[in-house]
Amino acid sequence: MKLRMTTSRRVALVTGAGRGIGRGIACALAREGFAVVVNDLDHNEELQTTVSIIREAGGEVEAVPADISDIPHHREFVDRVWRAFGDLDCLVNNAGISVAKRGDMLDVSPESFDRLVAVNLRGPFFLTQEVARRMIDAPSKAFRSIITISSANTEMASIDRAEYCISKIGLSMMTQLFALRLATHGINVYEIRPGVIETAMTAVARERYQARYDQGFTPINRWGQPADVAQAVATLASGALAFSTGEVIHVDGGLNIKAL
Ligand code: NAD
């Protein structure tokens, strides 16, 4: 068993940090004092913008691009992540995709189903497994956490993107399983369940959601922002809820409340 070098700096990895919620999370963690490894599919302009925002604010950041659904390369990916700052205290499984086209679930193709499950569920599961092994191998006194961004679609069915809902509900059980397995290693595991957040992912259905907000869609009746999700992640990653694990935090303006 290797003992890690002592350092007071905490390090986080955020997948899918090139834009949207992932970028918000990376910035919030940097503000919280984390050195942040930002990941996205490739080192494109969007990921570079995330890097620049954090650097210009005085934060520590490195970009490590990779496709999180590429499981055979996870070991090499986590090697590169670990080398960036010599450690890892927090993994945020944020990267995810929506369906290429919303439509009748009776027409969902096996290709679309497999693609959604590969990116949204298989990727995060095996990445979490790889990171957990490394964390166990390099014990630390620092608070460590694994935080997964699921969706309101874990509990609300959208029949125009069935494969998305199915991929996301698996993340809820994944959180509970890893929470149980990793508790004795000092790694807390959480799920964040966002409602409708204003990003590129929801832009395709913007008018439809706006019409619903106009009629009082959520108790706190406004679009969620990446910063809302990011604040929840930063709070959990800080260790503020250190005696809680396996928990779900809804960031949805109260959308999940069953009202009569
Ligand atoms: P987004 O599409 O704006 O950003 C997702 C980012 O992930 C992109 O930069 C994309 O390039 C990256 N990505 C996609 N596949 C990847 C892969 N295989 N490997 C690495 N990076 C990859 O989406 P967003 O709205 O910011 O959503 C972020 C997460 O939050 C997703 O998991 C999504 O399912 C979830 N979520 C979003 C909403 C919402 O309303 N926007 C609601 C609930 C949950």
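Order of listing sets the numbers, starting from 1, for every ligand and every atom in it.
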Colleague: If you have a sec, work out which protein heavy atom is nearest atom 19 (N) of ligand 1 and how many Å separate them, to one decimal?
Modeller: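 Among all protein heavy atoms, the one nearest atom 19 (N) of ligand 1 is I68 N, 3.0 Å.
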Colleague: Between G20 and ligand 1, is there a nitrogen or oxygen pair with a distance under 3.5 Å?
Modeller: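 It does not: no N or O of G20 is found under 3.5 Å from an N or O of ligand 1.
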Colleague: Evaluate the side chain to side chain contact (heavy atoms under 4.5 Å, CB included) criterion for residues N120 and K168: first the C-alpha distance (whole Å), next the side-chain angles of each, then the deciding distance (0.1 Å), finally the verdict.
Modeller: CA-CA 7 Å; N120 290 356; K168 288 290 183 178; 4.2 Å; yes
Colleague: If the condition is side-chain contact (heavy atoms from CB on, under 4.5 Å), which residues does Q210 pass it with, not counting sequence neighbours?
Modeller: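 With neighbours one apart ignored, the set is R206, Y213, D214, W223.
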Colleague: Side chains of S69 and D67: is there a donor and an acceptor less than 3.5 Å apart?
Modeller: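 Short answer, yes.
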Colleague: Of the backbone atoms (N, CA, C, O) and the side-chain heavy atoms from C-beta on, which set of T202 has a member under 4.0 Å from an atom of ligand 1: side chain, backbone, both, or neither?
Modeller: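 T202 to ligand 1: side-chain contact only, backbone stays beyond 4.0 Å.
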Colleague: Pair T218, D252 - check side chain to side chain contact (heavy atoms under 4.5 Å, CB included), show working.
Modeller: CA-CA 8 Å; T218 53; D252 64 357; over 6 Å; no
Colleague: With a cut-off of 4.0 Å, which atoms of ligand 1 are near a heavy atom of V196?
Modeller: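 Heavy-atom distances to V196 below 4.0 Å select 40 (O).
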Colleague: Quick one: nearest non-hydrogen protein atom to atom 34 (O) of ligand 1, plus distance?
Modeller: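 For atom 34 (O) of ligand 1, the nearest protein heavy atom is Y164 OH, 2.6 Å.
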Colleague: Does one side chain, of T148 or N93, offer a donor that lies under 3.5 Å from an acceptor on the other?
Modeller: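 Distance-only check passes for T148 and N93.
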Colleague: For a side chain to side chain contact (heavy atoms under 4.5 Å, CB included) check, start with the C-alpha distance between L182 and I136, then their side-chain angles and the critical distance, and finish with the verdict.
Modeller: CA-CA 9 Å; L182 300 177; I136 291 169; 3.9 Å; yes
Colleague: Students should be able to answer this: which protein heavy-atom is nearest to atom 7 (O) of ligand 1, and at what distance?
Modeller: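 Result for atom 7 (O) of ligand 1: G16 CA, 3.4 Å.
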Colleague: Tell me the contacting part of S150 for ligand 1: side chain, backbone, both, or neither, using a 4.0 Å heavy-atom threshold, strictly below.
Modeller: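 Backbone only.
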Colleague: Using a 4.0 Å heavy-atom cut-off, which part of E46 comes near ligand 1: side chain, backbone, both, or neither?
Modeller: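 No part of E46 is near ligand 1 at this cut-off.
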Colleague: Where's the contact between D67 and ligand 1, heavy-atom distance under 4.0 Å: side chain, backbone, both or neither?
Modeller: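 Under 4.0 Å from ligand 1, D67 contributes backbone and side-chain atoms.
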Colleague: Enumerate the atoms of ligand 1 whose separation from the nearest heavy atom of V119 is less than 4.0 angstrom.
Modeller: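 Counting from 1, the qualifying ligand atoms are 15 (N), 18 (N).
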Colleague: On a heavy-atom basis, which atom in R208 and which in R102 lie closest, and how many Å separate them?
Modeller: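 Closest approach of R208 to R102: NH2-NH1, 2.7 Å.
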Colleague: Out of I197, I192, N94, V251, whose heavy atom is nearest to atom 29 (C) of ligand 1?
Modeller: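 The nearest heavy atom belongs to N94.
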Colleague: Would you kindly specify which portion of I97 sits under 4.0 Å from ligand 1, judged on non-hydrogen atoms: side chain, backbone, both or neither?
Modeller: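 The part of I97 near ligand 1 is the side chain, not the backbone.
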Colleague: State if K168 counts as touching ligand 1 under the rule of any non-hydrogen atom under 4.0 Å.
Modeller: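 Per 4.0 Å heavy-atom rule, K168 contacts ligand 1.
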Colleague: One thing to verify: whether R134 and E130 come together as a salt bridge, which I'm taking to mean a side-chain N less than 4.0 angstrom from a carboxylate O.
Modeller: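 Yes, charged N to carboxylate O under 4.0 Å.
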Colleague: With backbone taken as N, CA, C and O and side chain as the heavy atoms from C-beta onward, which portion of N153 lies under 4.0 Å from ligand 1: side chain, backbone, both, or neither?
Modeller: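 No part of N153 is near ligand 1 at this cut-off.
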Colleague: Counting only heavy atoms not in H73, do more than 12 sit closer than 6.0 Å to its NE2 atom?
Modeller: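 Counting other residues, nucleotides and ligands, NE2 of H73 stays at 12 neighbours or fewer.
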Colleague: For ligand 1, which atoms have a heavy atom of I149 less than 4.0 angstrom away?
Modeller: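 Selected atoms, number and element: 30 (O), 35 (C).
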Colleague: Write out the residue and atom name of the closest protein heavy atom to atom 4 (O) of ligand 1, then the distance separating them to 0.1 Å.
Modeller: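 Of every protein heavy atom, R19 NE, 3.5 Å lies nearest to atom 4 (O) of ligand 1.
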Colleague: Do you know the tightest heavy-atom contact between I249 and A232?
Modeller: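 Closest heavy-atom pair between I249 and A232: CG2-CB, 4.5 Å.
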Colleague: I need the nearest protein heavy-atom contact for atom 17 (C) of ligand 1: residue, atom name and distance, please.
Modeller: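 Going atom by atom, the protein heavy atom closest to atom 17 (C) of ligand 1 ends up being L41 CD2, 3.4 Å.
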Colleague: Near S151, which atoms of ligand 1 are under 4.0 Å from a heavy atom of that residue?
Modeller: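 So the answer, numbered in order with elements, is 43 (C), 44 (C).
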Colleague: Who gets closest to atom 22 (C) of ligand 1 by heavy atom: G96, A95, A200, G195?
Modeller: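 Closest candidate by heavy-atom distance is A95.
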Colleague: Going by heavy atoms in the side chains, are V131 and F178 under 4.5 Å from each other?
Modeller: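 No. Closest side-chain heavy atoms not under 4.5 Å.
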Colleague: Between T199 and ligand 1, which part of the residue brings a heavy atom under 4.0 Å of the ligand: side chain, backbone, both or neither?
Modeller: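 Side chain only; the backbone of T199 stays clear of ligand 1.
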Colleague: Do any N or O atoms from the side chain of T202 and from the backbone of I197 form a donor-acceptor pair under 3.5 angstrom?
Modeller: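 Yes, the answer is positive, given that a donor and an acceptor are paired below the 3.5 Å cut-off.
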Colleague: Under 4.0 Å, heavy-atom basis, I'd like to know which part of S98 is in contact with ligand 1: side chain, backbone, both or neither.
Modeller: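 It is neither; nothing of S98 touches ligand 1.
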Colleague: For ligand 1, is there an N or O atom under 3.5 Å from any N or O atom of D40?
Modeller: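 The answer is yes, given that D40 and ligand 1 share an N or O pair closer than 3.5 Å.
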Colleague: Looking at R10, R31, R9, which one forms a salt bridge (Lys or Arg N to Asp or Glu O under 4.0 Å) with E60?
Modeller: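 When salt bridge (Lys or Arg N to Asp or Glu O under 4.0 Å) is applied between E60 and each of R10, R31, R9, only R9 qualifies.
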Colleague: Applying a strict 4.0 Å limit to heavy atoms, is A66 in contact with ligand 1?
Modeller: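 A66: in contact with ligand 1 (<4.0 Å).
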Colleague: Could you tell me which residues satisfy side-chain hydrogen bond (donor to acceptor under 3.5 Å, both in side chains) with R23, sequence neighbours excluded, listed by chain and number?
Modeller: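 Here the qualifying residues are T50.
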Colleague: So is I21 polar-close to ligand 1, meaning N/O to N/O under 3.5 Å?
Modeller: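 Yes, at least one N or O pair falls under 3.5 Å.
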